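This report concerns only the one structure given below.
Every heavy atom of this structure was used, including side-chain atoms; hydrogens, water molecules and symmetry mates were not. Below, read A as the first sequence line, B as the second, and so on, with proteins coming before strands; counting in each chain starts at 1. A quick note: this is a predicted structure, and the numbers were derived from the prediction, not measured.
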Protein chains: 2
Amino acid sequence: MELDARKLKILQAIIDEYVMSASPVGSRSVSKNPEFNLSSATIRNEMADLEEMGFLEQPHTSAGRIPSDKAYRLYVDTIMNRAQISRDEIRKIRTHFSSKISEVDEILKQTAVAISSVTNYTAMVLAPELDCDTLRHIQLVPLVPGKALLVIVTGTGFAKDAVIHVPVGVRTEELEQISRFLTKRLYGRRMDMVAEMIASELEPEMADRREFLSNIADGIERKITPNRKSVELAGAGNMLHYPEYADLQKARNFLSAVEGRDALYNMLKRASSLEFTVTIGSENEQDELKDCSVVTATYRMGDQSMPMGTLGVIGPTRMNYGKVISVLEYMRRSLGEILSNYIEED
Amino acid sequence: MELDARKLKILQAIIDEYVMSASPVGSRSVSKNPEFNLSSATIRNEMADLEEMGFLEQPHTSAGRIPSDKAYRLYVDTIMNRAQISRDEIRKIRTHFSSKISEVDEILKQTAVAISSVTNYTAMVLAPELDCDTLRHIQLVPLVPGKALLVIVTGTGFAKDAVIHVPVGVRTEELEQISRFLTKRLYGRRMDMVAEMIASELEPEMADRREFLSNIADGIERKITPNRKSVELAGAGNMLHYPEYADLQKARNFLSAVEGRDALYNMLKRASSLEFTVTIGSENEQDELKDCSVVTATYRMGDQSMPMGTLGVIGPTRMNYGKVISVLEYMRRSLGEILSNYIEED
DNA sequence: ATTAGCACTCGACTAGTTGGAGTGCTAACA
DNA sequence: TGTTAGCACTCCAACTAGTCGAGTGCTAAT
């Protein structure tokens with residue numbers, strides 16, 4: 001059997017309607033669509049074919065039909081036309097960044113909130129990954145006897161700090177000197193190489209400060225390793241608006257899958273090598289997300305080539321893919337600009 | 001009518017049972033309690049009295065009775081016996097802090113997760129408020145031309161950083177010198193006085209660097225002002241386990257009230273002047289929380305006298321108050337210790 | 001190839017029925 | 001006077017038909 005142009009149009013009409021209504025689509029309602037001049041019986045035959053081909057499913061004999069995951073796949077890959085993001089939506093997004101924001105974390109948080117409020121789905125944002133960034137500055141700040149604060153500034157301007165142990169014998173004044181030394185020697189290196197370099201090159205050179213250097217290397221290592229904590233989440237409650245989650249059990253499963261950020265972190269991390277990904281229903285690894293779709297997009301700083309982090313939206317498989325993709329497209333650019341302005345301009 | 005000892009015991013029995021079962025308690029099931037040797041008819045009379053006094057309510061004529069907010073108030077104020085926290089629960093809490101945690105934020109996050117997982121309610125943690133803390137160290141780190149990173153370390157060892165603008169004419173080497181100057185002059189001052197002092201004392205003294213100093217003061221001001229972002233939340237989805245939230249509409253309202261952290265921030269902030277607070281049902285300001293109870297406790301660092309922040313639990317009014325209070329009691333101490341170890345020991 | 005028509009299916013909704021848990025009240029009892 | 005057995009009453013929850021309508025597949029005519 002072949003998927004001719006008419007079948008495709010019918011499939012698209014069914015998907016569009018199902019995305020709106022969330023209830024199975026019958027042949028009659030499709031035949032009413034002025035785009036087709038066909039009776040319901042004809043549509044019925046075509047729908048039977050589409051079902052046979054695996055694009056449609058029947059919840060039970062006398063209901064309409066709903067699109068299968070395979071149909072959504074086809075839809076996003078070939079038929080879908082990307083929705084244009086509206087002025088109103090842009091305005092709505094802007095409001096989330098109007099008040100003066102003083103931290104990168106807060107920017108990411110607001111990004112998630114903005115995405116979820118415009119799409120009405122659940123949004124997530126993976127914080128910038130620092131391992132591909134370079135080192136710009138290291139500063140040791142005395143804290144209490146035996147402790148210091150290690151401040152690392154990266155090439156793209158992110159600052160991280162960690163409390164580290166200062167071995168007895170290291171004088172407070174020495175901290176400044178070591179800071180200068182490390183900055184000078186490590187400037188411009190990739191962050192994921194820095195800890196290694198300290199161990200292999202600098203420790204032999206400053207054998208009497210070996211322990212301290214190794215603490216510093218540990219601190220850096222800890223800081224550039226991303227973790228589940230660096231996933232911002234917003235609008236998880238939005239899912240309760242959709243009839244898919246009228247079942248409490250499902251809603252609960254979804255919320256608990258999403259609250260422990262680990263799963264999200266893994267998904268976003270895996271998606272970070274591609275500009276855009278769309279994962280539909282059963283394509284998801286996580287069981288709890290088998291009836292969700294996940295759309296992700298990477299963002300980068302200004303016009304750099306390396307992606308820094310990932311944005312994502314989780315919604316029911318019956319989501320408005322066109323809209324979600326265009327919102328993510330808009331946000332990935334905005335976020336890139338916002339982040340570079342944050343660092344570079346005033 | 002008087003609330004004699006027997007009435008009190010009956011009320012307690014009703015509350016205990018209702019907390020367990022979530023369904024209205026009938027006279028018969030109370031009379032079965034071996035503690036009373038009374039027929040259901042007698043209990044019935046007593047229950048009628050208790051209803052008249054406003055401690056019980058009847059959802060409808062032929063149902064049992066449920067405790068009113070007033071009853072819970074009485075319960076927590078006088079009858080309740082604090083549950084002992086079990087070995088298992090302590091072990092469960094410990095697991096959340098076993099892996100090496102490298103940031104204060106992460107500690108707070110894990111605290112919220114631990115509380116919610118032990119109580120099965122929703123937990124929140126308000127980050128330490130820095131305005132009552134003192135200043136220990138200020139460091140300016142060069143970032144890009146025109147920008148610097150301002151790092152502030154407080155007396156209790158918290159570090160905060162902010163990106164600030166460096167006016168043209170301020171040389172990079174000068175940053176170190178200004179850092180020393182500011183640290184020397186402001187050491188030991190209360191954080192909420194620092195910005196003011198810069199404006200009133202230091203700016204006149206260094207008139208040629210007035211603009212820069214004022215940027216620094218702004219940065220400090222921004223950082224010590226707490227906001228909704230500093231509330232960690234965990235286990236919001238737990239609420240869906242309770243029949244109170246079987247109604248989707250209610251669940252949705254709850255989740256959206258709690259997702260925008262503002263309401264929580266206000267509650268915790270207001271509660272921060274008291275060691276413990278218990279707010280029952282209609283006593284809550286927020287409409288969405290009128291059928292929840294909120295229990296809060298302040299935590300402090302080590303054995304200091306000033307409270308730093310607040311922990312809280314939100315659950316249905318029918319919550320296990322005894323358990324929640326004892327968990328919070330345990331956590332406030334633990335958190336205090338964890339935070340001081342984080343800063344002081346290794 | 002398309003369509004009108006028809007018999008059939010099946011969930012959603014409605015109304016009626018029943019059973020049980022609970023109540024209040026009264027009268028008897030210790 | 002406090003307690004209790006007994007009874008009539010209430011009302012929800014659960015079950016049972018019964019009906020309606022939206023939808024289907026199939027067939028025969030166009």
Side-chain angles (χ1 to χ4, degrees), chain A residues 1-11 13-15 17-18 20-68 243-244 246-248, chain B residues 1-11 13-15 17-18 20-68 243-244 246-248:
Chain A
M1 190 149 355
E2 217 194 320
L3 191 62
D4 56 29
R6 191 172 74 177
K7 282 193 173 57
L8 211 59
K9 281 187 84 172
I10 291 173
L11 184 57
I14 293 171
I15 293 176
E17 186 170 336
Y18 185 67
M20 293 286 300
S21 71
S23 46
V25 179
S27 56
R28 239 177 86 75
S29 73
V30 177
S31 78
K32 275 190 194 131
N33 186 328
E35 199 173 341
F36 307 107
N37 235 338
L38 297 171
S39 76
S40 64
T42 311
I43 304 287
R44 217 142 51 224
N45 290 328
E46 296 288 49
M47 283 169 78
D49 291 351
L50 285 167
E51 178 167 7
E52 205 179 318
M53 287 187 270
F55 293 113
L56 293 179
E57 289 166 0
Q58 251 182 322
H60 49 260
T61 341
S62 77
R65 285 172 168 99
I66 63 174
S68 66
E244 280 83 343
D247 178 20
L248 268 188
Chain B
M1 189 146 359
E2 217 192 320
L3 191 63
D4 55 30
R6 193 172 74 176
K7 282 193 174 55
L8 212 59
K9 279 186 86 172
I10 291 174
L11 183 57
I14 293 171
I15 293 177
E17 186 171 334
Y18 185 68
M20 293 287 297
S21 70
S23 47
V25 179
S27 55
R28 236 177 88 77
S29 72
V30 177
S31 79
K32 276 191 192 130
N33 186 327
E35 199 174 341
F36 307 107
N37 236 339
L38 296 172
S39 76
S40 65
T42 310
I43 303 288
R44 215 142 52 225
N45 290 329
E46 297 288 50
M47 283 169 79
D49 290 351
L50 285 166
E51 178 166 7
E52 204 178 320
M53 287 186 270
F55 293 113
L56 293 178
E57 289 167 0
Q58 251 182 323
H60 49 261
T61 342
S62 78
R65 285 174 167 99
I66 63 174
S68 65
E244 281 83 343
D247 179 19
L248 268 189

For [X] and [N], is the shortest distance between a side-chain N/O and OP1 or OP2 below 4.0 Å?
{"X": "A:R65", "N": "D:dT24", "value": "yes"}
{"X": "B:T42", "N": "D:dG2", "value": "no"}
{"X": "B:S62", "N": "C:dG20", "value": "no"}

> A:S29 side chain to A:V25 main-chain N or O, any donor-acceptor pair under 3.5 Å?
Replying inline: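 No, the answer is negative, given that no donor and acceptor are paired below the 3.5 Å cut-off.
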
Euclidean distance, atom [atom1] of residue [X] to atom [atom2] of [N] [Å, nearest integer]:
{"X": "B:D4", "N": "D:dT1", "atom1": "CG", "atom2": "P", "answer": "16 Å"}
{"X": "B:I66", "N": "C:dT23", "atom1": "CD1", "atom2": "P", "answer": "13 Å"}
{"X": "B:I43", "N": "D:dA5", "atom1": "CD1", "atom2": "C1'", "answer": "15 Å"}
{"X": "B:E52", "N": "C:dG24", "atom1": "CD", "atom2": "C1'", "answer": "13 Å"}
{"X": "A:L50", "N": "D:dG25", "atom1": "CG", "atom2": "P", "answer": "12 Å"}
{"X": "A:Q58", "N": "C:dC10", "atom1": "CD", "atom2": "C1'", "answer": "11 Å"}
{"X": "B:L56", "N": "C:dT23", "atom1": "CG", "atom2": "C1'", "answer": "14 Å"}
{"X": "B:L38", "N": "D:dT4", "atom1": "CG", "atom2": "P", "answer": "5 Å"}

> Taking the side chain of A:R28 as its heavy atoms from C-beta onward, which of C:dG24, D:dG23, D:dT4 lies nearest to it?
Replying inline: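 That would be D:dG23.
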
> Taking the side chain of A:E51 as heavy atoms from C-beta outward, which of C:dA4, D:dG25, D:dC11 is closest to it?
Replying inline: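 Selected nucleotide: D:dG25.
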
> Which atom names give the shortest non-hydrogen contact between B:L38 and B:S31, and what distance separates them?
Replying inline: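 That closest heavy-atom pairing would be O-CB, 3.3 Å.
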
>> Does B:S40 reach a base, just sugar-phosphate, or nothing at all? Heavy atoms under 4.0 Å.
In response: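 No contact at all - B:S40 keeps every heavy atom at 4.0 Å or more from the nucleic acid.
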
> Mapping B:R44 and A:P24 onto DNA chain D by nearest heavy atom, which one lands closer to the 5' end?
Replying inline: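 Counting from the 5' end, the first nearest nucleotide belongs to B:R44.
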
> Starting at the 5' end of DNA chain D, which residue's closest nucleotide do you reach first, B:R6 or B:T61?
Replying inline: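 Result: B:R6.
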
> Mind checking whether A:R65 and A:P24 have side chains closer than 4.5 Å, heavy atoms only?
Replying inline: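 Side-chain contact under 4.5 Å: no.
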
> Hey, are the side chains of A:I14 and A:F55 touching, using non-hydrogen atoms and a 4.5 Å cut-off?
Replying inline: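 Side-chain contact under 4.5 Å: no.
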
> Got a second to check how far A:L11's CG is from A:M53's CE, nearest 0.5 Å?
Replying inline: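 Interatomic distance, A:L11 CG to A:M53 CE, rounded to 0.5 Å: 8.5 Å.
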
